[in-house]
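Residue numbers start from 1 in every chain, and the chains themselves are labelled A, B, ... in the order their sequence lines are given, proteins ahead of strands. Small disclaimer: the values here were computed from a predicted structure and weren't measured. Values below: all heavy atoms of this structure, side chains included; hydrogens, waters and symmetry mates excluded.
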Number of protein chains: 2
Amino acid sequence: MTNKPTIQDVAKKANVSVATVSRVINEQGGVRKPTEERIKQAIKELRYVRNAVARSMVRKETKTIGVIIPDICNPFFPEIIAGIERKAIGADYSTTLSSSNESKKIESKIIQSFVERGIDGVIITTADENGEHLQPLFDANIPVVAVDRAIKHFDVDTVLTGNREGAYEAVRHLIMQKHEKIAIIRGPQDTTPGLERYKGYCQAMEEYGLPIKEEWICDGDFMEDSGYELTKKLSTCKEMPTAIFSSNNLMSIGAIKALYDMSWVLGKEVSFVGFDDIDIATFTNPPLTVVSRPMRNLGELAFQLLFERMKQDPLVKNQKREFIVTPHLIVRQSCKRSVY
Amino acid sequence: MTNKPTIQDVAKKANVSVATVSRVINEQGGVRKPTEERIKQAIKELRYVRNAVARSMVRKETKTIGVIIPDICNPFFPEIIAGIERKAIGADYSTTLSSSNESKKIESKIIQSFVERGIDGVIITTADENGEHLQPLFDANIPVVAVDRAIKHFDVDTVLTGNREGAYEAVRHLIMQKHEKIAIIRGPQDTTPGLERYKGYCQAMEEYGLPIKEEWICDGDFMEDSGYELTKKLSTCKEMPTAIFSSNNLMSIGAIKALYDMSWVLGKEVSFVGFDDIDIATFTNPPLTVVSRPMRNLGELAFQLLFERMKQDPLVKNQKREFIVTPHLIVRQSCKRSVY
DNA sequence: CTGTTAGCGCGTTCAC
DNA sequence: GTGAACGCGCTAACAG
């Protein structure tokens with residue numbers, strides 16, 4: 001960032017004023033053809049590139065959006081990001097990405113940095129759904145879209161999945177296979193996905209008059225290790241479950257690993273359904289039945305909503321919008337009830 | 001980004017000059033305690049946050065680095081990114097991420113946008129190793145670090161993996177299991193990883209005096225589908241290979257899927273080693289032997305190198321540095337030579 | 001210790 | 001059609 005030619009240099013070289021150069025740079029028209037050519041020539045010769053910082057300064061926009069996610073290594077999020085970026089690049093926005101590692105504190109810092117930088121909008125899967133820590137964003141009047149997890153403290157556009165329905169369908173599927181003793185590995189109950197998926201589980205169980213033993217309810221943290229540990233724990237139940245519902249992808253991986261390690265035979269001694277599809281699903285024996293959702297679409301939708309906000313589309317003013325994308329069950333073979 | 005209080009407002013409220021406010025904001029010292037307190041109070045009351053754009057304008061740095069990768073949905077890259085971000089956040093840098101989708105054209109656009117935005121440095125896994133399209137970065141004097149793929153046209157710090165050694169070890173391992181007919185699913189030969197891994201394969205084969213049939217050499221594009229298709233193709237060889245070496249993670253997944261679909265029995269009719277570890281590796285039957293590498297470290301190292309460049313550390317001036325991180329073989333069971 | 005002021009590079013009136 | 005000049009918010013001399 002040194003000695004870069006400025007609009008001044010171009011103006012001088014082309015024998016015009018900076019105003020005229022600015023006009024052709026921004027394609028505002030109203031410049032005679034020959035002048036324009038001269039300017040373009042100068043730009044090329046000088047290798048001039050416009051300075052977005054200075055431009056942001058006067059325009060009061062950075063054409064940049066911030067994205068905050070809790071864990072970039074969970075394959076769910078790269079898909080979301082890919083969706084966001086796809087749309088963003090089309091709208092000529094850059095994407096600044098940060099991972100909070102599920103820490104509210106880190107998230108606050110990221111937010112601070114975002115508002116300092118004058119980001120135009122934020123898409124966030126928050127580490128803390130209370131959301132008071134998003135205050136600075138609202139102070140600065142920066143539009144926010146929540147993805148996958150809601151935000152309680154503020155009214156923001158939100159893109160969620162049908163968590164409850166998805167979980168309900170999954171458990172119902174288990175029940176249809178004559179399962180009655182179904183355990184759940186829950187996610188954090190202070191997150192929308194964690195709680196709603198649990199509710200879906202309960203709903204299905206209740207609807208079919210099935211009892212829910214306390215020992216079948218395990219609390220995980222959406223990470224692989226907890227899936228592993230909790231599955232081991234489930235194997236020690238006084239009343240052994242014949243099926244397990246796992247609340248997310250990473251915990252499913254852990255769970256399956258545990259099953260293998262304990263020789264608790266999948267699809268024979270115990271059935272399994274997980275929320276979110278995973279690579280390993282078709283490699284286990286039998287393949288895993290899972291709840292799947294169009295992740296890339298979630299990201300695209302999120303950007304779309306944010307974009308409208310950033311443009312201050314009058315149509316969407318003052319109304320919180322909530323989109324719930326419907327997931328669907330991919331039935332493979334891990335739920336068949338066989339001999340027990 | 002509207003009506004935000006400025007340093008002026010704070011100055012007025014605290015009855016001092018902007019210079020003094022600037023001093024406390026930047027913790028430069030030389031301000032009497034009571035004045036400082038008054039200013040801090042004003043900042044709090046006004047909810048003032050400093051404007052990084054204006055600051056960048058005069059400081060001529062944005063405290064932002066740009067990261068370009070070819071495919072965010074390849075789990076290899078999120079790990080890299082996690083490593084970069086970890087270090088970056090510690091050094092108080094933000095990270096702007098963009099995915100090129102392996103397109104040189106898109107990559108050029110991203111680069112253009114980066115230099116316009118006055119990014120301080122770039123970490124890139126380029127879609128085109130020739131690298132002429134990186135010219136604008138050098139025009140603008142922006143330091144660059146290449147990760148995983150080299151850049152030919154310019155001398156830049158580079159972080160690579162021991163691709164050849166890794167592949168060599170993998171193939172050698174196969175040979176030690178008495179395999180002689182070993183096929184390779186190659187990556188693009190105009191990429192360092194693609195080419196070097198192929199060289200490692202050749203080296204091992206030659207060293208042990210094993211012939212390489214042309215039909216055993218398949219050209220993939222590092223994506224899952226090509227792994228799938230090429231494995232199918234391999235099954236039609238006149239002289240069937242007894243082992244396959246796959247050049248990357250995604251192609252490995254495709255390959256294994258193909259094996260399953262064709263009932264070409266893994267670990268029995270055909271052995272397998274892949275470059276890069278993958279989730280599914282421990283779920284296949286038998287589990288997959290793979291070449292593994294410390295991806296997060298690659299990212300951390302890359303940032304470290306870039307950081308030194310950005311600080312213009314005189315120690316590193318004018319020398320291109322190249323780091324090669326050694327991979328290692330994780331031996332599982334997919335290579336045992338059994339009955340054929 | 002604190003204040004004044006000159007830019008940083010650009011977009012935008014408002015004249016010409 | 002084109003140009004001159006102001007100001008965006010801040011930092012960095014330089015004065016006091």
What is the separation between atom [atom1] on [X] and atom [atom2] on [N], rounded to the nearest whole Å?
X: B:Glu61; N: D:dT11; atom1: CD; atom2: P; answer: 11 Å
X: B:Lys63; N: D:dC10; atom1: NZ; atom2: P; answer: 18 Å
X: B:Lys4; N: D:dG9; atom1: NZ; atom2: P; answer: 9 Å
X: A:Ile7; N: D:dA5; atom1: CD1; atom2: P; answer: 17 Å
X: B:Ile43; N: D:dC10; atom1: CD1; atom2: P; answer: 10 Å
X: B:Lys33; N: C:dC1; atom1: NZ; atom2: P; answer: 12 Å
X: A:Gln8; N: D:dA4; atom1: CD; atom2: P; answer: 11 Å
X: A:Arg38; N: D:dG3; atom1: CZ; atom2: C1'; answer: 13 Å

Below the 4.0 Å mark, does [N] have OP1 or OP2 next to a side-chain nitrogen or oxygen of [X]?
X: A:Ser22; N: C:dG11; result: yes
X: A:Thr20; N: D:dT2; result: no
X: A:Thr35; N: D:dT2; result: yes
X: B:Arg55; N: D:dT11; result: yes
X: A:Gln28; N: C:dT12; result: yes

Nearest to the side chain of [X] - [options]?
X: A:Thr6; options: C:dC10, D:dT2, C:dT12; answer: C:dC10
X: B:Val58; options: C:dT4, D:dG9, C:dT12; answer: D:dG9
X: B:Arg59; options: D:dT11, D:dG3, C:dG3; answer: D:dT11
X: B:Tyr48; options: C:dG11, D:dA12, D:dC10; answer: D:dC10
X: B:Asn51; options: C:dT2, C:dG9, D:dC10; answer: D:dC10
X: B:Arg50; options: D:dA12, D:dC10, C:dT12; answer: D:dC10
X: A:Lys60; options: D:dC10, D:dT11, D:dC8; answer: D:dC8

Write down the atom of B:Gly66, the atom of B:Ile119, and the distance for their closest heavy-atom approach.
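The pair with the smallest heavy-atom distance is N-CG1, 3.6 Å.
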
Report the residue (A:Arg32 or A:Val18) whose heavy-atom-nearest nucleotide on DNA chain D is the more 5′ of the two.
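Its nucleotide being nearer the 5' end, the pick is A:Arg32.
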
So does A:Arg23 reach the base of D:dG3 with its side chain, donor to acceptor, closer than 3.5 Å?
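A donor-acceptor contact between them is present.
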
Look at the rings of A:Phe307 and A:Tyr93 and say which category their plane angle falls in: under 30° parallel, 30 to 60° tilted, over 60° perpendicular.
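Correct class here is perpendicular.
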
Taking atom NZ as the centre, does A:Lys152 end up with more than 12 heavy-atom neighbours from other residues, nucleotides or ligands that are less than 6.0 angstrom away?
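Enclosed: over 12 neighbouring heavy atoms sit under 6.0 Å from NZ of A:Lys152.
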
Inter-residue atom distance B:Arg309.CZ - B:Asp120.CG, 0.5 Å rounding:
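If we round to the nearest 0.5 Å, B:Arg309:CZ and B:Asp120:CG are 15.5 Å apart.
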
Reckon B:Glu36 touches a base, only the sugar-phosphate, or nothing at all at heavy-atom distances under 4.0 Å?
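The answer is nothing, as B:Glu36 stays clear of every strand by at least 4.0 Å.
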
Any Lys/Arg nitrogen of B:Glu102 or B:Arg149 sitting under 4.0 Å from an Asp/Glu carboxylate oxygen of the other?
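Salt bridge flag = yes for B:Arg149 with B:Glu102.
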
Between the side chains of B:Glu308 and B:Arg321, is the shortest nitrogen-to-carboxylate-oxygen separation below 4.0 Å, so that they form an ion pair?
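The answer is yes: the pair qualifies as a salt bridge.
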
